[in-house]
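Below you'll find the structure, written out as structure tokens, and then a few comments.
Both backbone and side-chain heavy atoms feed into the values below; hydrogens, waters and symmetry mates do not. Throughout, numbering of the chain's residues begins at 1 and tracks the sequence.
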Amino acid sequence: MQSPPKPHTEALHAACLTATLESISDAVLMLGHAWEIRYLNRNAELLLEVLRGDVVGRNVWEIFPEAVGGTYYRAYHEAIDTNKPVTFEEHYAPLNLWTEVRAYPSEEGLTIYFRDVSERKAIEAEIHHLAFYDKLTSLPNRQLLMDRLEQTLALARRDGTVGAVLFIDLDDFKSINDTRGHDKGDMLLQLVAGRLHDAVRECDTVARLGGDEFVVLLADLGLDGEASARERAARVLRAFDAPFDVDGIEHYSTPSIGVALFCGEPLSVEEILKRADLAMYQAKAAGRNNFVFFDPAMQTRVTLRAQLEADMRRALANQEFELHYQPLAGMRGEIAGVEALVRWRHPQRGLVSPAEFIPVAEETNMILPLGRWVLWEACRVLVRWAGDPATDALEMSVNVSMVQFHRPDFCEQVLEVLAQTGARPERLRLELTESLLLNDVECTVAKMQRLRAVGVSFALDDFGTGYSSLSYLHRLPLSQLKVDRSFIWGALAEGHGAAIVRVIVALGKTLGMTVLAEGVETEAQLAFVTEEGCHFYQGYLLSKPLPEDQLTAFLCR
């Protein structure tokens, strides 16, 4: 029979075990069945901030009473009760410590291995913050907003509660970046984030989508959701009343806010954000510094606008645009020229009004290829006219948009078209609007003078409806003023229409320009503009705009 181990052998084994436990990186805590502390190594002392001599033999829950009932307490009991190892992590609040714990039950009691994972947890928290929070403002970012919005929409569908999304865009935010630098712009964004956070409830979410765009998610607005959303949107608006102190300088900023309500509708997060975004643009169009609620008509308008843009791009490729020409005449009826007017013959809708598609063309820069095509076609007609004594002296007027004229290569494009078509420059008149002349007067004068030098003339269209300044009007090489049709139509009625026409005619004569009356539709109107001294007129009394074949017949009558 094997003899029992000798006392010195047991002591040797215990010493080896203790040495091993003291050398490992884990903290080790051994508990008896009565929860008394039987042993803890040096790392456990350091981690738990206790001394072995003070705690060995005492009940662990007396040493750490704040842990009773917590994760540690339940896990240790589970290990004892099930006689199975347990592994878990927890933040130990008194020591601000994150630990990873492994508890192993045995016949003697419970052996616990744990280590400080606070650094790892801090790195994980930082990674999570970078993934879900905006770096500049520390607000939730788009990803976290989308997650919360999806959850909120699901709850609203399930419970029938009303919520809302406020889409916020800062008005003229670019100005602070341009005048004081992007660092000051970042400061403003941080201040705005703070104001928005203070203006909403604890249960609401304020997020930054990027740039100067913020979103507020309002959950569970109660029985009268619209009224509650209106009140909270107004509170957000008021948060911008006071100036922002941006590095010692007061800066006023205002928001445009779009509000989209949701309840039981099966809306996606993208759809509800798009609705709020559309409403925000309506708020900007309505004058900014206000809020507007989404209504379905907005979506309809945007859909039609997108369809119109797509159709226009196709129309450019398929050559669906055409020119009509409205004759211009002297006061005795002699034809002096025509104005080229672009028309769009849509394959399904027929002729589309320029008032509908020209603004879209200018917003999308499609006016550049369209304007070039108009100029090219008009000059080709001038070339054909040059070989016929009946049309050789006629002028061609072509409208030029602000987008076209302010292109750096505008003059080069006009000269290139003239050279390639062979059209005579002295037969081409470019019509400009007053709003075009307000930007960069020196550059405008230089471009006009360059084209005027080769023979191209200029007319000022719709004169009197804009904000022309006499201080620079006399500097422009204009040859003609066109009196807007609204003054002609109002001239024979009560009001100031007739007086305005007289002033324009007198101004034109003083500056050495001819004056053309637009929109003449009656004999009485013609008699009036003749008596007032206009040199030319156009309008339905003379002729509506005609396609080229009908124009030819008109000129030959």
inquiry  = Nearest 0.5 Å, please: how far is CZ in Phe536 from CD1 in Ile335?
reply    = 11.0 Å
inquiry  = Can you give me the closest heavy-atom contact between Met280 and Ser256, atom names plus distance?
reply    = CG-O, 3.3 Å
inquiry  = Take a 6.0 Å sphere around CD of Glu150 and say whether it holds more than 12 heavy atoms from other residues, nucleotides or ligands.
reply    = no
key: Pair Arg384-Val381, side chain to side chain contact (heavy atoms under 4.5 Å, CB included): steps then yes or no   = CA-CA 5 Å; Arg384 289 195 291 272; Val381 171; 3.3 Å; yes
request  = Taking only Lys NZ, Arg NE, NH1 and NH2, and the carboxylate oxygens of Asp or Glu, determine whether Arg380 and Glu548 approach each other closer than 4.0 Å.
outcome  = no
query = Nearest 0.5 Å, what's the CD-CD distance between Glu271 and Gln299?
reply = 5.5 Å
task = For residues Ala242 and Tyr252, report the shortest heavy-atom separation together with the two atoms involved.
result = C-CE2, 4.3 Å
ask   = Mind checking whether Glu377 and Val342 have side chains closer than 4.5 Å, heavy atoms only?
value = no
task = Kindly indicate whether the side chain of His324, heavy atoms from C-beta on, has any atom under 4.5 Å from the side chain of Leu546.
result = no
inquiry  = Restricting to non-hydrogen atoms, name the atom on Ser479 and the atom on Arg429 that form the minimum distance, rounded to 0.1 Å.
reply    = OG-NH1, 2.6 Å
ask   = Are the side chains of Thr530 and Arg332 in touch, meaning some heavy atoms are under 4.5 Å apart?
value = no
inquiry  = Between Asp311 (side chain only) and Arg314 (backbone N and O only), is there a donor and an acceptor less than 3.5 Å apart?
reply    = no
query = Okay, side chain of Arg275, backbone of Leu261: is any donor-acceptor separation there less than 3.5 Å?
reply = no
ask   = Heavy atoms, side chains only, cut-off 4.5 Å: are Phe244 and Met187 in contact?
value = no
key: Expected output: side-chain Asp295 to main-chain Ala297 donor-acceptor under 3.5 Å   = yes
inquiry  = Quick one, Arg230 with Phe291, criterion side chain to side chain contact (heavy atoms under 4.5 Å, CB included). Give me CA distance, side-chain angles, the key distance, then yes/no.
reply    = CA-CA 9 Å; Arg230 189 175 300 277; Phe291 61 87; 3.8 Å; yes
Side chain proximity check, Leu170 to Phe240, heavy atoms < 4.5 angstrom = yes
request  = Return the minimal non-hydrogen interatomic distance between Arg195 and Ala239, and the atom names on each side.
outcome  = NH1-O, 2.8 Å
task = Dump the intermediate steps for salt bridge (Lys or Arg N to Asp or Glu O under 4.0 Å) on Glu412 and Arg407, then the final yes or no.
result = CA-CA 10 Å; Glu412 286 73 16; Arg407 290 274 299 185; over 6 Å; no
message = Against Leu166, only a single residue in Leu217, Ile257, Asp204 fulfils side-chain contact (heavy atoms from CB on, under 4.5 Å); can you say which?
response = Ile257
key: Minimum heavy-atom distance Gly519-Ile488, with the two atoms named   = O-CG2, 4.4 Å
message = Tell me whether the count of non-hydrogen atoms from other residues, nucleotides or ligands lying under 6.0 Å of CD in Gln319 goes above 12.
response = no
Check against side chain to side chain contact (heavy atoms under 4.5 Å, CB included), Phe293 and Glu226 = CA-CA 9 Å; Phe293 277 73; Glu226 181 174 349; 4.1 Å; yes
ask   = Does Gln326 use its side chain to pair, donor to acceptor, with the backbone of Ser543 at less than 3.5 Å?
value = yes
inquiry  = Working note: Glu270 + Met146, criterion side chain to side chain contact (heavy atoms under 4.5 Å, CB included); need CA distance, chi angles, decisive distance, verdict.
reply    = CA-CA 8 Å; Glu270 292 82 6; Met146 300 292 270; 3.9 Å; yes
task = State, with a plain yes or no, whether a side-chain heavy atom of Arg180 is found less than 4.5 Å away from one of Ile249.
result = yes
request  = Look at the rings of His346 and Trp344 and say which category their plane angle falls in: under 30° parallel, 30 to 60° tilted, over 60° perpendicular.
outcome  = tilted
query = Do Leu542 and Phe554 have side chains that get closer than 4.5 Å, going by heavy atoms?
reply = yes
ask   = Roughly how far apart are Trp373 CH2 and Glu322 CD, rounded to 0.5 Å?
value = 7.5 Å
remark   = Given the options Leu375, Thr433, Leu430, Val400 meets side-chain contact (heavy atoms from CB on, under 4.5 Å) only with Leu430
query = In a check of side-chain contact (heavy atoms from CB on, under 4.5 Å) between His535 and each of Met513, Met331, Gln480, Lys509, which one passes?
reply = Lys509
query = So, are Arg475 and Glu442 salt-bridged, with charged N and O less than 4.0 Å apart?
reply = yes
inquiry  = Could you check whether Arg142 pairs with Glu213 (Lys NZ or Arg NE/NH1/NH2 to Asp/Glu carboxylate O, under 4.0 Å)?
reply    = no
key: Donor-acceptor contact present, side-chain Lys447 to main-chain Phe405, <3.5 Å   = yes
request  = Would you give the length of the straight line joining atom CZ of Arg427 to atom SG of Cys379, rounded to the nearest 0.5 angstrom?
outcome  = 13.0 Å
remark   = With Leu145 as partner, the option from Asp134, Leu209, Leu139 fulfilling side-chain contact (heavy atoms from CB on, under 4.5 Å) is Leu209
task = Give a yes or no on whether the backbone of Leu136 and the side-chain of Gln190 come within a donor-acceptor separation of less than 3.5 Å.
result = yes
ask   = So, for Ile358 and Ile367, which heavy atoms are closest and what is the spacing to 0.1 Å?
value = CD1-CD1, 4.3 Å
Charged N-O contact under 4.0 Å between Lys135 and Asp186 = no
ask   = About how many Å separate CG of Leu267 and CG of Leu153, when rounded to the nearest 0.5 Å?
value = 7.0 Å
note = Taken to the nearest 0.5 Å, the spacing of Thr364 OG1 from Arg305 CZ works out to 6.5 Å
message = Less than 4.5 Å apart, side chain to side chain, heavy atoms only: is that true for Leu191 and His251?
response = no
message = Could you walk me through whether Gln525 and Glu521 satisfy the side chain to side chain donor-acceptor pair (under 3.5 Å) test, starting with their C-alpha distance in whole Å, then the side-chain angles of each, then the deciding distance to 0.1 Å, before giving a yes or no?
response = CA-CA 7 Å; Gln525 291 172 348; Glu521 297 184 353; 5.7 Å; no
